[in-house]
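Please read the structure below before turning to the comments.
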Amino acid sequence: QVQLVESGGGLVQAGGSLRLSCAASLRTFSRYTMGWFRQTPGKEREFVAAVIWNVARTQYADSVKGRFTIFRDNAKNTVYLQMNSLKPEDTAVYYCAASRTSVTTVDYEYWGQGTQVTVSS
């Protein structure tokens with residue numbers, strides 16, 4: 001059974017930083033595109049960032065470019081999201097996901113349970 005387990009969420013003041021981690025029990029982790037999405041109550045889940053499996057290319061939502069960095073450690077089956085200069089509008093539940101085909105859409109095969117990030121003003 002595939003599991004994605006996020007950690008690192010919490011409460012931070014605006015302008016602060018957090019690093020989210022996602023450990024995946026995927027035997028071929030290096031062959032998956034790994035993404036981060038976020039969701040707030042009453043809104044659809046939205047793409048945040050992804051790191052592509054084959055060329056380690058990254059992609060970001062416009063709202064987080066220059067502030068967030070996604071990177072992966074294939075030896076540890078882990079993907080990270082470094083979040084700097086956090087804003088109150090970044091408050092959401094953040095989800096890690098794995099896909100063999102998708103990048104920015106929500107059509108990922110596997111999802112974590114989510115971790116809450118709250119940014120106070």
Side-chain angles (χ1 to χ4, degrees):
Q1 183 178 356
V2 174
Q3 284 190 312
L4 303 180
V5 181
E6 300 103 333
S7 60
L11 174 64
V12 64
Q13 289 188 329
S17 299
L18 281 175
R19 177 179 290 187
L20 305 183
S21 300
C22 172
S25 64
L26 290 163
R27 287 195 293 179
T28 56
F29 174 80
S30 63
R31 299 187 65 82
Y32 281 80
T33 291
M34 299 300 297
W36 287 96
F37 292 76
R38 65 187 182 187
Q39 189 170 23
T40 54
K43 293 188 178 180
E44 291 187 353
R45 193 168 296 187
E46 65 172 359
F47 170 77
V48 175
V51 56
I52 316 303
W53 71 272
N54 55 349
V55 292
R57 181 171 59 90
T58 56
Q59 193 159 344
Y60 296 92
D62 288 342
S63 58
V64 306
K65 278 182 183 176
R67 300 188 298 121
F68 290 11
T69 302
I70 186 171
F71 58 101
R72 64 194 298 163
D73 184 338
N74 288 337
K76 295 183 178 179
N77 277 26
T78 301
V79 63
Y80 303 90
L81 185 68
Q82 177 66 43
M83 305 186 294
N84 298 329
S85 302
L86 283 160
K87 304 175 182 180
E89 50 264 42
D90 294 318
T91 296
V93 176
Y94 283 72
Y95 296 90
C96 168
S99 174
R100 297 293 297 268
T101 56
S102 295
V103 178
T104 62
T105 70
V106 296
D107 296 328
Y108 277 56
E109 290 106 285
Y110 304 108
W111 292 85
Q113 82 288 350
T115 185
Q116 177 71 46
V117 171
T118 303
V119 184
S120 63
S121 56

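- Side-chain N or O atoms of Asn77 include one that pairs as donor or acceptor with a backbone N or O of Ala24 at under 3.5 Å.
- Between Met83 and Asp90, every side-chain heavy-atom pair lies at or beyond the 4.5 Å cut-off.
- Residues Glu6 and Leu20 have side chains not in contact (no heavy-atom distance under 4.5 Å, counting atoms from C-beta outward).
- Trp36 and Leu86 fall within the same hydrophobic cluster, where Ile, Leu, Val, Met, Phe, Trp and Tyr residues are linked whenever their side-chain heavy atoms come under 4.5 Å apart, directly or through other members.
- Thr91 contributes atom OG1, which lies 7.0 Å from atom CD of Gln116 (distance to the nearest 0.5 angstrom).
- Here the shortest heavy-atom pairing between Val117 and Gly9 reads CG2-CA, 4.2 Å.
- Here the CD atom belonging to Gln13 is positioned 9.5 Å from the OG atom belonging to Ser121, to the nearest 0.5 angstrom.
- Under a hydrophobic clustering in which Ile, Leu, Val, Met, Phe, Trp and Tyr are joined whenever their side-chain heavy atoms come within less than 4.5 Å, directly or via other members, Val106 and Tyr94 fall into different clusters.
- Linking Ile, Leu, Val, Met, Phe, Trp and Tyr residues whenever their side-chain heavy atoms come within less than 4.5 Å leaves Phe47 and Val79 in two separate clusters.
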* Asked: side-chain contact (heavy atoms from CB on, under 4.5 Å) between Arg67 and Tyr60: does it pass, once the steps are laid out?
  -> CA-CA 10 Å; Arg67 300 188 298 121; Tyr60 296 92; over 6 Å; no
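- Residue pairs meeting the side chain to side chain donor-acceptor pair (under 3.5 Å) criterion with at least one partner in residues 18-29, sequence neighbours excluded, are Arg19-Gln82.
- To the nearest 0.5 Å, atoms CD (Glu44) and CZ (Arg38) are separated by 14.5 Å.
- For the pair Arg100 and Tyr32, the cation-pi test (distance below 6.0 Å, angle within 45°) is passed.
- Rounded to the nearest 0.5 angstrom, Gln39 CD and Glu46 CD are separated by 9.5 Å.
- Scanning all heavy atoms of the two residues, the minimum distance from Met34 to Ala98 falls at SD-CB, 3.5 Å.
- Leu18 and Tyr80 end up in different hydrophobic clusters when Ile, Leu, Val, Met, Phe, Trp and Tyr side chains are linked at under 4.5 Å.
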* To do: Starting from the C-alpha separation in whole Å, work towards a yes-or-no answer on side-chain contact (heavy atoms from CB on, under 4.5 Å) for Phe37 and Tyr108.
  => CA-CA 10 Å; Phe37 292 76; Tyr108 277 56; 3.5 Å; yes
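- Within the 4.5 Å cutoff, the side chain of Phe71 has no heavy atoms near those of the Val51 side chain.
- Expressed to the nearest 0.5 Å, how far CG of Leu26 lies from CZ of Arg31 amounts to 12.5 Å.
- Checking Val48, Thr58, Val64 one by one against Ile70, the side-chain contact (heavy atoms from CB on, under 4.5 Å) holds for a single residue, Thr58.
- Within the 4.5 Å cutoff, no side-chain heavy atoms of Glu89 are placed close to those of Val119.
- Between the CG atom in Asp107 and the OG atom in Ser102 there is a gap of 4.5 Å [rounded to 0.5 Å].
- Looking only at distances, no side-chain donor or acceptor of Thr33 sits under 3.5 Å from a matching main-chain atom of Val103.
- Nearest approach of Cys96 to Leu4, heavy atoms of both residues: O-CD1, 3.7 Å.
- Ring geometry, Tyr95 versus Trp111: the interplanar angle exceeds 60°, so the pair is classed perpendicular (tilted spans 30 to 60°).
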